[in-house]
Structure formats: C-alpha cells, structure tokens
2 protein chains.
Amino acid sequence: MANQVEREIFESYVRRNGGRVTPERLRLFDEIFSQHGHIDADRLYRAIRQDRKISRATVYRNLELLVDCGLVRRQRLGQRRYLYEHVHPGQAHDHLVCRVCDRVVEFMSPAISALQREIARAHGFDPAEHTLKISGICVGCASETEVAATGPSHRRSALRSTLS
Amino acid sequence: MANQVEREIFESYVRRNGGRVTPERLRLFDEIFSQHGHIDADRLYRAIRQDRKISRATVYRNLELLVDCGLVRRQRLGQRRYLYEHVHPGQAHDHLVCRVCDRVVEFMSPAISALQREIARAHGFDPAEHTLKISGICVGCASETEVAATGPSHRRSALRSTLS
DNA sequence: CTGAATGCAAAGCGTTTGCATATTT
DNA sequence: AAATATGCAAACGCTTTGCATTCAG
C-alpha cells in the first residue's frame, strides 16, 4: 500500500497522545491521501459518505488532527472555505489562484523558501508554516475577458450603478 | 490634510462609477487611513460609532469599495476575520504572524516580490495581489513557552485525552 | 426629482461545540 | 469497564443581502 510511512506516522501520533485508531480516521486519511490536489471539507465528507457513514463533525475534528501531526496542510486559498492537501515531504510549494475561475496552480520556488527562512530568523521568529498565494487572472480567463474587462474587480461592485 | 492624494483617488473612483460621496464613505476612509497597522471590520465599526451613526453593512460595503479601488488591502491573517490596512504605494510588504499571541509583524522583501512577479509571468498569470504569511512563534512567546512546549499545536488538540 | 446609499434585521456559510450514544482498548 | 470518538443538531462568528427609508447630486 502507498502512504505506508505517513499512515504509521498518523497512527503512532494518535496513540502516543492517548487517542484511538478508528475506521473514520483511517477512511479520512485514505481519502485525503488519494486526492492529488486541494480539497475542501465538504467534498471530503461527501466522498467518504459514498461508502461509509460519517458526520461533518468527525471530518472536521480529524482534519484538525491530521494538520496537527503535520501530514496535512490547511490553507485559505479561496474566499470562504479552507482547502486541505496532504503534505509531500521536501516538496514545499505555493499557489497561484485565478480570481475568475478559481483554478489553483502550484509552483515551487526554493529561492523564495530560503528567503522566507532568512526573514523569519532575522525577526526572531520560529517559522512553523507559511502561505504564499498570488491571485490574478490566468491565461484562459484573460483571453475570455479581454473585451468585457472594464470593471476593476472580479466580482460585483459595491457601487449600485455598476450593477446595471 | 494628509492623504490628500488617496482621498482624491477615492472620490474620483466613486464618481467615475456613478457613485456618490457620502459622509459615511469619507468617515470610513479617514478612519482606515488614520490607523497604522491592521484593523478588522468590527473595530472600524466601533471606532466610527463613537462620533457618528453607521451600520456594519455600510462598513463592509464601503470596505469593499476601498479594496476595489486599490487603496486598501484585505487579508486573512488570523483564523476568522479579515484584516484591512491602507496601502502604501511602492511599499509592498508581507507578514509574520505569531500563532501564540497573534501579533503581526510586517517585513519587506523586494527580492521575494521580484520572484513572485517572475513566477506569475512564467505561468501566464496576470498577478493582481498576493498574500505571504509566515506563521510561527515570536521571540517573546518562545521564551515564555519554552518549558511548557510539549504539544505540537498552538491550540487544543482534537484528541480528547490531551485536554486533561 | 431620481436613483444610489444607508440601516436594520435576517439570512448565509463554513466551522465548531455540547451532549447522548457508540466504540475502541 | 473506562474513557475516547462519533453523530446530531444547535450554536457560532463573521460577512452578505433584501428591503424600506434616507439622502446626494
């Protein structure tokens, strides 16, 4: 089975802290490790629901557990929801998010990572995690919008007149 | 008066889009431009409330306006609320956030900014804004917590046993 | 005078929590 | 048997929205 190492990390983390290895925990682990990109709590919930009874509360509680033991990263890439992704050790990456279509593109920049560490150290911070999100307009949306692009924002303006 | 330039940008942006310059809008503008660091919507609301009647809805609607015209930056630095800050042109900066005391420290890194632009371009993105948040433990909290630091997380674990 | 902005209260939305019940060890 | 985890539903916290009223131009 894949993810054997991570799975053992998870189980030992749970037991070491007096927790129990439940089927719900393992199922959530499998689900999030079978996903390639980012996924939100609700989609995890519905995916698991297809073959097993689980509640949203359990999904949230155990996502927290996975985040705490360092196997999962939780970030706000969109406006509202958190997005989760399993961590690939040694593959720190960041995100480009299209404000039109919400597509998320990953990129890696060792140079930026190094600068971040340096900055944290210079300020006496012990860095634990980071989020670097660049939002803008992706190629696809740029070409589709090029004519219509008059307004300054990607969403409805607060000014009434521009609603017309 | 300070912020004359920004104020004219604001007023002309509003009028250009068929909007109206209301006392509430000007008051919010003044409040956010009188603040030095980051502030959330509720604190702006209460600050303005001290000398003028205003509703939360108006605060939120007009914050959106200020964000749209590029004078204000809105970011999720904490867990729940958005934090707002007025933009200092040409002074792009990012944030270190302490996960214990929530203190926010700003830093500037032209090198990181340049790399970000390069990366966006390489991926065909037209970058509009970015968020770089490094969360960790600040010097002060590190020294206070050095003995107690056993758990992996800054907050209560999802494991029941660790609550004791 | 016209239509945009405000205030109020309610709705929305994702996330968290209290408590009774089920399950792991 | 003891204590943790789950499910349910309600609570939460912040933000957004519908609608009647007020106000800027």
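The figures that follow rest on heavy atoms only: side chains count, while hydrogens, waters and symmetry mates do not. Proteins get letters first, then strands, A, B, ... in listed order; numbering begins at 1 in each.
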Under 3.5 Å: donor-acceptor pair, side chain of A:R76, backbone of A:R80: yes

Any donor-acceptor pair under 3.5 Å linking the side chain of A:R73 with the backbone of A:H130? yes

With a sphere of 6.0 Å drawn around [atom1] of [X], does it hold more than 12 non-hydrogen atoms of other residues, nucleotides or ligands?
| X | atom1 | result |
| --- | --- | --- |
| A:H36 | NE2 | no |
| A:R43 | CZ | no |
| B:R49 | CZ | yes |

Extract from the structure each pairing of a protein N or O with an N or O of nucleotides 22-25 of chain D at less than 3.5 Å, listing the distance.
| from | atom 1 | to | atom 2 | distance (Å) |
| --- | --- | --- | --- | --- |
| D:dA24 | N3 | B:R20 | NH1 | 3.1 |
| D:dG25 | OP1 | B:V21 | N | 3.3 |

In whole Å, what is the span from the [atom1] atom of [X] to the [atom2] atom of [N]?
| X | N | atom1 | atom2 | answer |
| --- | --- | --- | --- | --- |
| A:E11 | D:dA5 | CD | C1' | 16 Å |
| A:L26 | D:dA5 | CG | C1' | 13 Å |
| A:R16 | C:dT25 | CZ | P | 16 Å |
| B:R74 | D:dT16 | CZ | C1' | 11 Å |
| A:I54 | C:dT23 | CD1 | C1' | 14 Å |
| B:Y82 | D:dG13 | OH | P | 18 Å |

Is there a donor in the side chain of [X] and an acceptor in the side chain of [Y], or the other way round, less than 3.5 Å apart?
| X | Y | answer |
| --- | --- | --- |
| A:E85 | A:H93 | yes |
| A:N3 | A:H86 | no |
| A:Y82 | B:Q79 | yes |
| B:H38 | B:H95 | yes |

Below 4.0 angstrom from OP1 or OP2 of [N], is there any side-chain N or O of [X]?
| X | N | result |
| --- | --- | --- |
| A:R56 | D:dC8 | no |
| A:K53 | D:dC8 | yes |
| A:T58 | D:dG7 | yes |
| A:N17 | D:dT4 | no |
| A:Y60 | C:dT16 | no |
| A:R80 | C:dG14 | no |
| B:R61 | D:dT16 | no |

Give every donor-acceptor pair under 3.5 Å between a side-chain atom in residues 51-63 of chain A and any protein atom, sequence neighbours left out.
| from | atom 1 | to | atom 2 | distance (Å) |
| --- | --- | --- | --- | --- |
| A:D51 | OD1 | A:R27 | NE | 3.0 |
| A:D51 | OD2 | A:R27 | NH2 | 2.8 |
| A:S55 | OG | A:T58 | N | 3.2 |
| A:S55 | OG | A:T58 | OG1 | 3.1 |
| A:R56 | NE | A:D42 | OD1 | 3.2 |
| A:R56 | NH2 | A:D42 | OD1 | 2.7 |
| A:N62 | OD1 | A:R25 | NE | 3.0 |
| A:N62 | ND2 | A:T58 | O | 3.2 |

Restricting to salt bridge (Lys or Arg N to Asp or Glu O under 4.0 Å), what partner residues turn up for B:E106, sequence neighbours left out?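 With neighbours one apart ignored, the set is empty.
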
Show me, pair by pair, the donor-acceptor contacts under 3.5 angstrom made by side chains of residues 131-142 of chain A, not counting sequence neighbours?
| from | atom 1 | to | atom 2 | distance (Å) |
| --- | --- | --- | --- | --- |
| A:T131 | OG1 | A:Q75 | NE2 | 3.1 |
| A:K133 | NZ | A:L77 | O | 3.3 |

Heavy-atom contacts under 4.0 Å between residues 27-52 of chain A and DNA chain D, which residues? A:R49

On DNA chain C, compare the nucleotides closest to B:L65 and A:R76; which residue's is nearer the 5' end?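 This one resolves to B:L65.
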
How far does the helix from C:dC1-D:dG25 to C:dT25-D:dA1 bend, going by the axes of its first and last five pairs, to the nearest 10°?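 Both end axes considered, the difference amounts to 30°.
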
